[in-house]
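Written below as structure tokens is the structure these notes are about.
All heavy atoms count here, side chains included; hydrogens, waters and symmetry mates do not. Quick note: residue numbers are just sequence positions, from 1. When a ligand or atom number is given, it counts from 1 through the structure's own listing order.
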Amino acid sequence: MKYYSTSLQAPEATLEEAVVKGLAADKGLFMPRSIKPLPPSFYEEIVTLSFQEMAYRVADAFFGEDVPADTLRQIVYDTLSFDVPLVSVSPGIYSLELFHGPTLAFKDVGGRFMARLLGYFIRKEGKQQVNVLVATSGDTGSAVANGFLGVEGIHVYVLYPKGKVSEIQEKQFTTLGQNITALEVDGTFDDCQALVKSAFMDAELNAHMQLTSANSINVARFLPQAFYYFYAYAQLQRLQPGVKPVVCVPSGNFGNITAGLFGKRMGLPVGRFIAANNRNDIFYQYLQTGEYNPRPSVATIANAMDVGNPSNFARVLDLYGHSHAAIAAEVSGATYTDEQIAETMRATWQAHHYLLDPHGACGYRALAEGLRPDEVGIFLETAHPAKFKDTVEQIIGSEVQVPEKLQAFMRGTKQSLPMSKEFAQFKAYLMGE
Ligand SMILES: *Cc1c(COP(=O)(O)O)cnc(C)c1O
């Protein structure tokens with residue numbers, strides 16, 4: 001399969017090139033040249049397939065031309081070693097819990113899949129070491145670091161802002177050791193991102209070492225998220241045969257929902273999508289007005305969605321031929337303030353004994369407000385509420401149990417290297433390695 005750039009100014013790339021480079025040379029995002037629908041037989045037997053086998057069939061449609069079947073099957077099976085259950089919350093509304101992976105966030109699947117696929121390409125080519133640079137405000141760093149942990153031929157550098165990530169988040173990527181190095185930057189998240197960008201643009205550094213990024217612009221990180229949507233549909237069919245769900249996705253950079261839109265192109269019966277935003281509602285405004293006006297992000301309690309210029313918007317536009325009408329026909333939007341998010345968490349806990357995290361709360365509320373009486377909705381619960389323990393406890397007024405997986409990280413010892421926000425120091429450090 002060849003991958004073209006959404007900016008259309010760069011030559012097409014192979015899967016391997018797209019994964020290793022991340023971004024096309026013209027700064028566009030890679031898109032597969034075709035999206036293969038899955039055969040009717042797949043949809044007929046979907047309820048009988050395991051999550052892993054179903055996901056393998058989906059992965060085969062994307063990557064089957066470029067990765068041998070047994071390798072791809074192994075990658076998918078290794079990636080999905082945990083369940084993603086569909087849980088009934090209130091009449092007509094289900095939560096797809098994406099938080100049962102190693103770091104309790106949905107980004108685990110993309111992180112693990114990308115690590116294994118890149119590991120395969122490195123082994124196959126006998127390549128020199130590849131270095132993954134990732135700037136994080138919390139969740140991405142932990143999912144990527146844990147996904148790549150122990151993968152041979154790859155070293156990961158996680159750059160995070162000193163004092164600005166929660167203790168739980170920090171422990172998830174500073175306690176790992178092995179091929180993971182945490183760099184504690186004396187600055188903000190934007191400073192971390194600027195360091196990574198400068199590194200990718202520095203010719204001397206790139207001649208010295210192979211650098212790549214692992215954020216959701218990478219096809220190997222965002223496409224595997226399509227697995228979730230197929231599995232959600234299959235689980236719903238077991239409970240309510242014949243129903244075409246409305247799927248609601250709490251969205252920030254729009255990687256997750258874009259993977260769902262790809263699923264629909266492959267024939268997955270989804271009635272429509274809802275993208276739920278916090279106050280960073282650039283996409284919501286685009287749906288209303290047809291105008292895309294990125295703006296600086298504002299901080300909210302659903303902080304993984306604090307994005308002022310969603311990087312996967314270019315993919316959504318491309319998928320619908322740049323037609324606002326076509327996008328609005330399949331995707332609607334919603335936007336909520338912190339007060340509304342908190343109110344939803346409190347009310348859902350009290351009425352249904354379901355504990356939402358702030359991101360999932362945007363998704364639940366959009367369905368509760370937007371479903372028609374004849375519709376059934378599924379929202380993606382993107383993180384475990386214990387990852388936002390203090391916020392959640394303050395809102396619901398009772399204690400949140402921390403799962404054993406998180407407690408284990410808390411017992412680890414933090415190891416990180418202090419780093420200034422000046423590029424010269426970061427570069428000297430990388431050159432000296
Ligand atoms: C990353 C993240 C999101 C947003 O996902 P996108 O793919 O960037 O739209 C939502 N919720 C949580 C908990 C996240 O970590």
Side-chain angles (χ1 to χ4, degrees), residues 29 84 95-111 113-114 134-147 165-166 168-169 172-173 189 193 214-229 247-263 273-284 286 297 300-316 331 333-336 341 345 355-366 379-389 391-392 406:
L29 276 66
V84 178
S95 167
L96 185 73
E97 295 184 346
L98 307 187
F99 54 68
H100 295 279
T103 75
L104 310 187
F106 82 86
K107 293 183 176 72
D108 280 325
V109 160
F113 188 92
M114 182 186 163
V134 57
T136 187
S137 54
D139 268 8
T140 302
S142 48
V144 168
N146 283 274
V165 304
S166 75
I168 290 182
Q169 288 177 322
Q172 285 185 314
F173 52 78
F189 170 64
Q193 221 164 11
N215 56 23
S216 70
I217 57 159
N218 200 300
V219 291
R221 244 202 78 196
F222 102 92
L223 277 175
Q225 293 165 0
F227 304 159
Y228 293 141
Y229 297 83
V247 177
C248 180
V249 189
S251 296
N253 265 321
F254 281 69
N256 202 2
I257 195 170
T258 302
L261 300 175
F262 271 71
F273 287 87
I274 304 176
N277 284 156
N278 58 25
R279 284 202 298 130
N280 297 281
D281 62 355
I282 293 82
F283 185 77
Y284 177 83
Y286 165 76
S297 64
T300 75
I301 57 171
N303 62 10
M305 290 156 44
D306 294 350
V307 178
N309 186 7
S311 49
N312 284 286
F313 183 67
R315 285 195 169 111
V316 177
V331 189
T335 170
Y336 299 110
I341 294 171
M345 290 165 66
L355 188 55
L356 293 160
D357 96 291
H359 306 79
C362 297
Y364 177 80
R365 181 156 179 153
F379 70 97
L380 274 49
E381 183 33 297
T382 47
H384 193 290
K387 288 199 85 169
F388 307 91
K389 191 177 189 317
T391 306
V392 176
L406 270 189

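A heavy-atom cutoff of 4.0 Å around ligand 1 is satisfied by the protein residues Phe106, Lys107, Asp139, Pro250, Ser251, Gly252, Asn253, Phe254, Gly255, Asn256, Ala304, Met305, His359, Thr382, Ala383.
Ring geometry, His359 versus Phe388: the interplanar angle falls from 30° to 60°, so the pair is classed tilted. Between Tyr286 and Phe313, the angle of the ring planes goes over 60°, which puts this pair in the perpendicular group of the 30/60° scheme.
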Chi angles and distances behind the side chain to side chain contact (heavy atoms under 4.5 Å, CB included) call for Ile274, Phe379:
CA-CA 9 Å; Ile274 304 176; Phe379 70 97; over 6 Å; no
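Judged as a side chain to side chain donor-acceptor pair (under 3.5 Å), and not counting sequence neighbours, the contacts of Thr103 are Asp108. Applying the ring pair (Phe, Tyr, Trp, His ring centres under 6.0 Å) rule to Phe99 yields the partners His384; only residues at least two apart in sequence or on another chain are considered. For the ring pair (Phe, Tyr, Trp, His ring centres under 6.0 Å) test, residues two or more places apart in sequence or in another chain that qualify with Phe262 are Phe222.
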